[in-house]
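This report refers to the structure that appears directly beneath it.
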Amino acid sequence: MSAITLCTAMSQRISPLPPLNCLQAFEAAARRRSFTQAAAELNLTQSAISRQVKRLEECLGRPLFMRDALGVVLTPAGERYFELVQRLLRELACGTAELTRRQSSLQLTLASSPTVASMWLTRQLPELKQVYPQLDIRILTAEDPRRLDPSEFDLALYYLLPGEREPEGVHIRPVFGPEPVIALCSASYLQQQGPITGPSSILEQHTLLELEDHYHDWLTWRDWFAGIEQPWHTPAHTLKANSYLLLMQAALAGQGITLGWERLLQPYLQEGALVQALPQSMLSQGFLCLLEPSHRHASVAARQFMQWLLKE
């Protein structure tokens, strides 16, 4: 190709292109097979998703979805277009993240659940900074790792259950193996409420802190009592929340007894901020894992963090 021809080709407008917001709405609806779930993900109304998809279908001149009893399904043309759109949006997101990320190769974005980030990760960072003082760390929190795009973080730390649907686009390796799950409370709670004489006494005389969010409720009090082979019945007193982090804060404030992962909460046990309420324990069903995006090479900062973490 001559230089003149090349310049002409480069000056041509790229068209036709559909609106980006319509592509985002289509990709979310196609991935989730639901306009309602796509709307929740994008913080839009269901009607807004429907309008944007309809506008895209008008641009393309063909339907992309069909409705059935379970929601919506892609047409054959929709399936082909979804594969193209999702690939291109992921490449665009990855390229944008690379350009907007600070240029220092020692910047590190760590993703984690709010509980792991606040109760464990931030407690480890001073030691990490002593070993690698040049690291510039950013923490990104989200409850569900499957809702994160791998282009948004360098590494992630999450408790995962064997057999559940794994996050896509990442390599997964365990950090902790199964660890004891124990009953915990603050020393001030015991001073106010009196001693705990056994498993049955916490059901009858004490306040159990219970997680209401069943999607994340990997281990309930009922499960724990079954694991330690003790009889269960509805507790006399409970304090419930839909956030495990809130329950831990309530436990630290002397509001009741909660379940906790011994290794995760070891700093609080060593300091005496929390105490083990009962000697019984059961092994956790899930374990803390390190998630590494599979679509790119680990940066210097990511390799340093992995070396430190796995050594610890």
Side-chain angles (χ1 to χ4, degrees), residues 1 5-68 70-103 105 107-111 138 140 142 144-156 158 165-172 291-299 302:
M1 181 181 292
T5 305
L6 178 61
C7 291
T8 302
M10 292 178 62
S11 67
Q12 290 178 348
R13 178 184 176 185
I14 300 176
S15 63
L17 288 177
L20 179 59
N21 60 340
C22 294
L23 293 179
Q24 289 178 300
F26 166 68
E27 190 277 335
R31 172 165 39 83
R32 294 187 169 276
R33 298 298 195 267
S34 168
F35 283 14
T36 301
Q37 292 185 28
E41 177 180 316
L42 298 176
N43 294 318
L44 296 172
T45 63
Q46 183 178 358
S47 60
I49 295 292
S50 181
R51 287 195 302 271
Q52 291 176 3
V53 169
K54 182 178 179 181
R55 183 181 176 189
L56 181 60
E57 289 176 327
E58 290 173 348
C59 289
L60 298 173
R62 63 183 63 200
L64 299 173
F65 289 101
M66 297 181 295
R67 293 191 177 275
D68 65 9
L70 299 178
V72 293
V73 294
L74 288 165
T75 63
E79 287 281 4
R80 295 192 299 272
Y81 199 55
F82 170 59
E83 292 178 4
L84 172 65
V85 169
Q86 187 175 59
R87 176 175 60 81
L88 293 178
L89 287 179
R90 282 181 173 173
E91 289 181 3
L92 179 61
C94 183
T96 302
E98 291 294 334
L99 287 176
T100 56
R101 186 175 297 162
R102 290 175 57 183
Q103 295 303 307
S105 62
Q107 185 190 33
L108 182 66
T109 296
L110 298 172
R138 170 178 173 258
L140 173 67
D144 186 354
R146 287 169 290 272
R147 299 193 67 171
L148 285 172
D149 190 293
S151 65
E152 296 180 293
F153 60 88
D154 298 300
L155 297 169
Y158 279 91
R165 183 170 64 87
E166 295 181 345
E168 297 179 356
V170 294
H171 296 304
I172 300 172
L291 282 56
E292 180 185 358
S294 55
H295 67 281
R296 65 175 187 268
H297 296 294
S299 65

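As the structure is a prediction and not an experimental result, all values here were calculated from the model. What's counted below: heavy atoms across the whole structure, side chains too, no hydrogens, waters or symmetry copies.
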Would Arg296 and Asp154 count as a salt bridge (charged side-chain N to carboxylate O under 4.0 Å, His left out) here? Give the steps. CA-CA 9 Å; Arg296 65 175 187 268; Asp154 298 300; 3.3 Å; yes
Walk me through it: do Leu148 and Leu140 pass the test side-chain contact (heavy atoms from CB on, under 4.5 Å)? CA-CA 10 Å; Leu148 285 172; Leu140 173 67; 3.9 Å; yes
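Contact detail for Pro63 and Ala77: the closest heavy-atom pair is O-CB, 4.5 Å. Listed here is the closest heavy atom pair of Arg55 and Cys22: CD-SG, 3.7 Å. Counting all heavy atoms, side chain and backbone alike, Leu155 lies closest to Ala302 at CD1-O, 3.6 Å.
Arg62 has its side chain out of reach of Thr75: every pair of non-hydrogen atoms, C-beta onward, lies at least 4.5 Å apart.
Residue pairs meeting the side-chain hydrogen bond (donor to acceptor under 3.5 Å, both in side chains) criterion with at least one member in residues 80-94, sequence neighbours excluded, are Glu27-Gln86.
The side chain to side chain contact (heavy atoms under 4.5 Å, CB included) with Phe26 is formed by just one residue from the set Asn21, Leu89, Leu74, Ile49; it is Leu74.
Considering only residues two or more places apart in sequence or on other chains, Glu41 meets the salt bridge (charged side-chain N to carboxylate O under 4.0 Å, His left out) condition with Arg31, Arg32. Scored by the salt bridge (charged side-chain N to carboxylate O under 4.0 Å, His left out) test, Glu58 finds no partners at all (sequence neighbours excluded).
A cation-pi contact, defined as under 6.0 Å to the ring centre and within 45° of the axis, is absent between Arg146 and Tyr158.
Looking only at distances, no side-chain donor or acceptor of Glu292 sits under 3.5 Å from a matching main-chain atom of His171.
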